[in-house]
Amino acid sequence: MRGAMLLRRGLALCSLPALVALAGCASAGSASSSPPPLASAPVIEAKPAGVWRSGAMVAAANPLAVDAGVEVLQAGGSAVDSAIAVQAVLGLVEPQSSGLGGGAFMVHYEAATGDVITYDGREVAPQGATPDLFLNPDGRPMGFIDAVRSGRSIGVPGAVAMLEMAHREHGRLPWGQPWRAAERLAEQGFTVSPRLNEMITAAVTRGGLPPEAAAYLTTDGKTPLAVGSRLVNPRYASTVRLIVARGAAAFREGPLAEEIVAAVRREPTPGTLSLEDLRAYRPNRLEPVCGGYRVYLVCGMRPPSSGGIAILSVLGTVENFDLAAMGNTAAGWHHFIEAQRLAYADRDTYVADDRYTQVPLAGLIDKDYLRSRARLIEADRAMRTVEPGSPPGAKPRGRDATGNGTGTSHFVVVDGRGNVVSMTTTVEGLFGSRRMAGGFFLNNQLTDFSFRPVDDAGAAIANAVAPGKKPRSSMSPTLVFRDGKFKLAVGSPGGNSIIAYVSKAIIGMLDWNLSPQQAVELPNLIARGPIEAETSRADPQMLETLAGMGHVFRTGRNQGEVSGLHAVRVMADGRLAGAADPRREGKAVALN
Ligand code: GLU
């Protein structure tokens, strides 16, 4: 009944049954440009949360953004209303990571119905983007930084359109209300935090910021605003007013749209993004990809993100081992590392925008397939090499080696009715493309595509550029349920390391029985290639044991420290416990 009703409403659905642990739920969305349906789309009876007594929570990477989200909840707003406020402020106070010129994914749980839905606000390649977008005339890939800081890297922004869609369906307050804090802070100013100062300094040293970033610099136009100084961004305030008045239409036509196009088309290396591309953008409502993990159901983003699939692939692999008994030890980490290596190999090979490429989604998270992958793992020795597997339904593909960004943020909101938002939002790299419009930075998301359309052996790469295509993401906003009830929300920035960060936090909480904060603070060990270990947090003895098993560690540049995990968990006593990653500057605030 419920399923039929949802389908009539045109909603994709993944409702939670009483016993869901083993129920895979990976089926197609219904938005116009959504991917083709998978064979096994279950229609499951919803299990509403009943009376919610656990209170509310906001956890995000910046205290001002958390305060804005809390203010909205206190005014009676929903989790989505609060998420709008958090994003609006993050775009101002943490512009290096996310904002109005970027894209985002949201996983939403509606307590009254038990429905889990995802919103896809991923950037889209303009119609003028061709497979050689990031190739030099000699056919070789452009330098990464040259590509990032060009108009070619800028995809059609989707974050605001996505928030508007989510608000239409789950907002309780008028659209304009959650934007107020951002407008106020942009107009009256806010205090520059140590991290913002550090990021501006990094940008200034590495290639600089454009003249239109004057708000973030002193009057000489090149010195970063000092920690503690006041930052005012009136352009951002007027953009917020425009968005309040016109919604996402402000991005589709009119002066802001024209300004975006002009910024993209500027020399050097202009892009092709046009008013027509902006007009054509629509966010998507998609079904989550869900799968059982021990007694839990884990739900995340389907393509164009690889996040949901890869998290389930890691978890479905380690599920074959007793991680709880191994505990937070070298043995436990060894199995987790090996599961990561296997999952990354598959993810790198098979996952891309599934409106353009056949993605063997069900095969990649199939329990029998993952059991066969888990058999490759030896108890005390690292696998010598790791190859992508042949999941059911897969076609041969070239493996791509797309790089990593540092411009992303993750936050979670639980409102007083038990509705939950887990949202990861991004401009891709540090301050995105470094080009601006309307007081915000424009993304460089298209550098998440493979620069090369074929690999060395000439095999087509799934994540190659195409007009209208979305670059593959690693963003992994995740929700976890048990017996149909919401249990935890988590996610992180960190480019493709997100998969390692988020699965670490889930294993820490569910297998090692850590609090959200303890799980977030576990060391980061990323095993996509040679392991990047967060040596400042990892036990040196354990790292030595792992090296003794044959694990190879990367030296030099290390991604280990850039997670920004934010989480909330319903504890055994029914209360919410939140976590904010100490590697960033945020906080988790509970309202009871
Ligand atoms: N653009 C990346 C993605 O979508 C995220 C970059 C980051 O986390 O910094 O996967």
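Numbering starts at 1 and runs along the sequence shown. Computed from a predicted model, the values in this text were never measured in an experiment. Counting starts at 1 for both ligands and their atoms, following the listed order.
The distance from the CD1 atom of I311 to the CD1 atom of I507 is 9.0 Å, given to the nearest 0.5 Å. Taking CD of E212 as the reference point, atom CD of E259 lies at 8.5 Å (rounded to 0.5 Å).
Annotation for ligand 1: atoms under 4.0 Å from non-hydrogen atoms of P493 are 8 (O). Per-residue contacts place D448 under 4.0 angstrom from the following atoms of ligand 1 (heavy atoms of the residue considered): 1 (N), 2 (C), 3 (C), 4 (O), 10 (O). Under a 4.0 Å criterion applied to the non-hydrogen atoms of Q445, ligand 1 contributes the atoms 1 (N), 2 (C), 4 (O).
Counting heavy atoms under 4.0 Å from ligand 1, residue T408 touches it through both backbone and side chain.
The distance criterion of under 3.5 Å between nitrogen or oxygen atoms is met by G407 with respect to ligand 1. By the 3.5 Å distance cut-off applied to N or O atoms, I498 is not counted among the residues near ligand 1.
Closest heavy-atom contact between S492 and Y501: OG-CD1, 3.5 Å.
Other residues, nucleotides and ligands contribute more than 12 heavy atoms inside 6.0 Å of the CZ atom of R266.
Look at R472 and you'll find every heavy atom at least 4.0 Å from all atoms of ligand 1.
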Criterion side-chain contact (heavy atoms from CB on, under 4.5 Å) on F431 and I200, from CA distance to verdict: CA-CA 9 Å; F431 297 100; I200 302 172; 3.9 Å; yes

